[in-house]
Amino acid sequence: MKCIYCGCIDSKVIDSRLNDDGTSIRRRRECINCGKRYTTYETIELTPVMVIKKNGCRQTFSVQKVKQGIVKACEKRPVSMQQIDELAADIEKRVANHLDQEVTSSEIGEMIMDGLKAIDEVAYVRFAAVHRQFKDINSWLSEINDLVSKKKS
């Protein structure tokens with residue numbers, strides 16, 4: 001690490017600490033040449049994951065958009081913000097661990113529906129109606145019947 005005071009590239013690490021959120025490491029360093037101390041931060045470099053939309057266009061994955069969709073589905077339901085945040089974080093982690101740098105919006109939608117099914121069935125059906133583009137009442141009934149039959153099994 002290059003010293004900010006004299007430009008020397010030799011330094012020693014005096015102290016390392018993990019940040020509160022666990023996403024970076026704070027290091028106190030001392031320059032071998034001038035003896036002055038400075039702080040550096042080490043973080044993981046993330047490459048953006050692209051989402052392939054149904055119309056074929058691509059956009060950068062946004063956990064905020066995922067969270068907004070979950071919040072909309074859970075509106076007026078007994079679902080806490082903590083549950084919503086945990087589901088959004090889980091989906092973000094799954095997308096980041098995806099082997100490809102591209103993921104389809106359909107795959108993300110299925111991840112959200114799997115999570116909502118475990119949290120709140122009404123929110124699940126609401127989200128499914130938008131994600132699967134229900135055209136009529138029969139689509140709703142079919143999804144609800146599938147949910148009920150799986151619950152009995």
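Keep in mind the model is a prediction, meaning the values are calculated, not measured.
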Would Tyr124 and Ile144 show up in the same hydrophobic cluster when neighbours are defined by side-chain heavy atoms closer than 4.5 Å? yes
At what distance, to the nearest 0.5 angstrom, does CZ of Arg58 lie from OG of Ser105? 11.5 Å
Under a 3.5 Å cutoff, is there a donor and acceptor pairing between the side chains of Gln68 and Gln64? no
Mark yes or no for whether Asp100, through its side chain, and Glu102, through its backbone, hold a donor-acceptor pair below 3.5 Å. no
Rounded to the nearest 0.5 Å, how far apart are CG of Asp15 and CZ of Arg37? 9.5 Å
Can Val71 be reached from Val122 by stepping across I, L, V, M, F, W or Y side chains whose heavy atoms are under 4.5 Å apart? no
Take atom CD of Gln101 as the centre, draw a 6.0 Å sphere, and report whether it contains more than 12 heavy atoms from other residues, nucleotides or ligands. yes
Close side-chain approach of His131 to Met113, heavy-atom, < 4.5 Å: yes
Heavy-atom count around Lys76 NZ within 6.0 Å, excluding the residue itself: above 12? no
Quick one: salt bridge (charged side-chain N to carboxylate O under 4.0 Å, His left out) partners of Arg77, sequence neighbours excluded? Asp120
Lys/Arg-Asp/Glu bridge criterion (N-O < 4.0 Å) met for Glu110, Arg132: yes
Let me confirm one number: the CZ-CD1 distance from Phe61 to Ile91, rounded to the nearest 0.5 Å. 7.5 Å
Same cluster or not: are Ile112 and Met50 linked, directly or through other Ile, Leu, Val, Met, Phe, Trp or Tyr residues, by side-chain heavy atoms under 4.5 angstrom apart? no
Would Glu107 and His98 count as a side chain to side chain contact (heavy atoms under 4.5 Å, CB included) here? Give the steps. CA-CA 11 Å; Glu107 289 174 286; His98 202 267; 3.6 Å; yes
Do Ile84 and Lys67 have side-chain heavy atoms sitting under 4.5 Å apart? yes
Straight-line distance of Thr40 OG1 to Lys2 NZ, nearest 0.5 Å: 15.0 Å
Kindly indicate, with the supporting measurements, whether the criterion side chain to side chain contact (heavy atoms under 4.5 Å, CB included) is fulfilled by Leu116 and Cys74. CA-CA 9 Å; Leu116 284 174; Cys74 294; 3.7 Å; yes
Lys65, NZ: over 12 other non-hydrogen atoms inside 6.0 angstrom: no
For the pair Gln133 (side chain) and Val130 (backbone), establish whether a donor and an acceptor sit closer than 3.5 Å, ignoring hydrogens and angles. no
Report the C-alpha separation of Glu30 and Ser11 in whole Å, then their side-chain angles, then the decisive distance to 0.1 Å, and conclude whether the side chain to side chain contact (heavy atoms under 4.5 Å, CB included) test is met. CA-CA 5 Å; Glu30 184 177 310; Ser11 65; over 6 Å; no
So, for Lys54 and Ser106, which heavy atoms are closest and what is the spacing to 0.1 Å? CE-OG, 4.0 Å
Using only atom types and a distance under 3.5 Å, with no angle test, would you say the side chain of Arg126 pairs donor to acceptor with the backbone of Glu75? yes
Which pair of heavy atoms, one from Thr60 and one from Pro48, lies closest together, and at what distance? CG2-CB, 4.0 Å
Is there a donor-acceptor contact under 3.5 Å from the side chain of Asp90 to the main chain of Glu86? no
Atom CD1 of Ile14: over 12 foreign heavy atoms under 6.0 Å: yes
Going from OH on Tyr41 to CZ on Arg17, what distance comes out if it is rounded to the nearest 0.5 angstrom? 10.5 Å
CD1-CG distance between Ile70 and Leu87, expressed to the nearest 0.5 angstrom: 4.0 Å
Who passes side-chain hydrogen bond (donor to acceptor under 3.5 Å, both in side chains) against Ser16, sequence neighbours left out? Arg27
Can you name the closest pair of heavy atoms from Phe127 and Ala73 and give their distance? CB-CB, 4.0 Å
When every non-hydrogen atom of Cys6 is compared with those of Asn33, the smallest separation belongs to SG-ND2, 3.5 Å
With a 4.5 Å cut-off on side-chain heavy atoms, are Cys34 and Cys8 touching? no
With a 4.5 Å cut-off on side-chain heavy-atom distances among I, L, V, M, F, W and Y, is there a chain of contacts connecting Val51 to Val95? yes
I'd like to know if Ile119 and Met81 are part of one continuous hydrophobic network [Ile/Leu/Val/Met/Phe/Trp/Tyr, side-chain heavy atoms within less than 4.5 Å]. yes
Before giving the answer on side chain to side chain contact (heavy atoms under 4.5 Å, CB included), spell out for Val66 and Ser62 the whole-Å C-alpha distance, their side-chain angles and the decisive distance to 0.1 Å. CA-CA 7 Å; Val66 168; Ser62 167; over 6 Å; no
Remaining members of hydrophobic cluster (4.5 Å side-chain criterion), Met1: Ile4, Tyr5, Tyr38
